[in-house]
Student: 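Quick one: this structure, given as structure tokens, is what I'll be asking you about.
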Amino acid sequence: MDMTEIQHALNASEQGSAMYRMIEELYPICRSITGNGVRQTLHGIQQYIPVEVHEVPSGTQVFDWRVPLEWNIRDAYIAAQDGTRVVDFRRCNLHVMSYSVPIKSRMSLKDLQAHLHTLPDRPEWIPYRTSYYKDNWGFCLSHNQLKQLPDTDYEVYIDSSLESGHLTYGECFLPGESAEEVLISTHICHPSLCNDNLSGIAVSAFLCRALQNMQHKLSYRFLFIPGTIGSITWLAMNQEHTNWIRHGLVLTGVGDAGAITYKRSRRGEAKVDLVTTHVLQYSNEPYKIIDFFPYGYDERQYCSPGFNLPVGCLMRTPHGEYSEYHTSADDLEFVRSGSLHNTLSLCLKILFVLENDRIPISLNPYCEPQLGKRGLYRAVAGQKEGALQEMALLWVMNLADGRHSLLDIANKARMPFDVVHTAAKALSDHGLLN
Ligand code: ZN
């Protein structure tokens, strides 16, 4: 993997708008932690990358959890007495609480109220609600719509099923020269929400596609899994294999206009934490780095103490810190192709460092080598352009003592990794480094 390949991947056919189009395609699907919406989504992702679909039977014990019954939904509505659908699942899949049990009943608005969810603070938005592990049913609607409902009887209908079936997830493995792996994980369990879900899917898929066209030393494993239960299931079924995971990122909420946030792994100073910090420092944009805490997305499972994998979480505005989070306002207007492209670019830069970092050893440790006679020194002293590259040569030669990696050198020299990497390559080419 080199910078030219990365530039090529980023320039290729306007990646930002292509990711945005992928989000548009997947937006209408009603996803949950199990069911046909997940299968349909994985089928959609397969149009971009070769994802292998896995099905794990309901009831399978996975650590302290069990794979739940499979949930599917065909139709749902609240209808007025004349049959008019006042709340209609077909118009917006957020209207039905995910994992709602089936119901067909007639009831007063008063009795129905206990099953209605709104956002009084944001009266125009529909909330997103789930009830995965408790039998329940419910509808979500805008507070304005609720206020307009006449106090009368309504027909309530949810045509859903909760049956023994499967938990479905997708996996795409790209073998590298080494069996050491980078894990990229994203959740696929939210219905029509764009930033919290589809943005992570799109950036993961395009990252995978970019890697397919590059030489890479490390192997890459992409997981497209339902949140929490999906990573628990994958970890339970691949417990031994996790020893191969050297670095990992959970990608989530990466399409909004906010600045990048990186949540460190539980280890705090894992390679992926140091590399991401370095890349962000030289990104010339605002960012925030936060410590691990046991809440959020699937990093909670990867970083549970038994695994303690070096997996951080890359997002833009953290979940819960934007008001559109888990509401109908997390829609196609909330995500931006520029943010998607920027996140993809950042991921590629992180992978570039992971791929290319190494510990150089000087073959000329006694005093500085004479760079001039090798054509490595600026021809004209004082020329500005060469200065950074020249300092990089001197830093690498000085710190190539077997105790500093290229990333350590870049940090000590306060230079971006790729400048130090380029210098090290020139020095190797001239036989000065091992
Ligand atoms: Zn969410």
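Side chains are part of it too, since the values below use all heavy atoms of this structure and drop only hydrogens, waters and symmetry mates. Counting starts at 1 for both ligands and their atoms, in listed order.
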Student: Starting from the Zn ion (ligand 1), count all protein N, O or S atoms within a radius below 2.8 Å.
Tutor: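 Count of protein N, O, S atoms less than 2.8 Å from the Zn ion (ligand 1): 3.
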Student: side-chain hydrogen bond (donor to acceptor under 3.5 Å, both in side chains) for Trp71 and Glu163? Distances and angles first, verdict last.
Tutor: CA-CA 7 Å; Trp71 185 70; Glu163 292 162 350; over 6 Å; no
Student: If you measure only the distance, is there a donor-acceptor pair under 3.5 Å linking the side chains of Arg336 and Asn342?
Tutor: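 No.
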Student: Between Ser32 and Tyr99, does any side-chain donor sit less than 3.5 Å from a side-chain acceptor?
Tutor: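 No, no side-chain donor-acceptor pair sits under 3.5 Å.
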Student: Which of parallel (below 30°), tilted (30 to 60°) and perpendicular (above 60°) describes Tyr77 and Tyr157?
Tutor: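 Tilted, since the angle between the ring planes falls between 30° and 60°.
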Student: Flag this pair as yes if the NZ/CZ of Lys263 is under 6.0 angstrom from the six-membered ring centre of Phe293 and inside a 45 degree cone about the axis; otherwise no.
Tutor: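 Positive - Lys263 is close enough to the ring of Phe293 and near enough to its axis.
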Student: Just do the ring pair (Phe, Tyr, Trp, His ring centres under 6.0 Å) check on His166 and His54 with the steps written out, would you?
Tutor: CA-CA 9 Å; His166 294 84; His54 296 262; over 10 Å; no
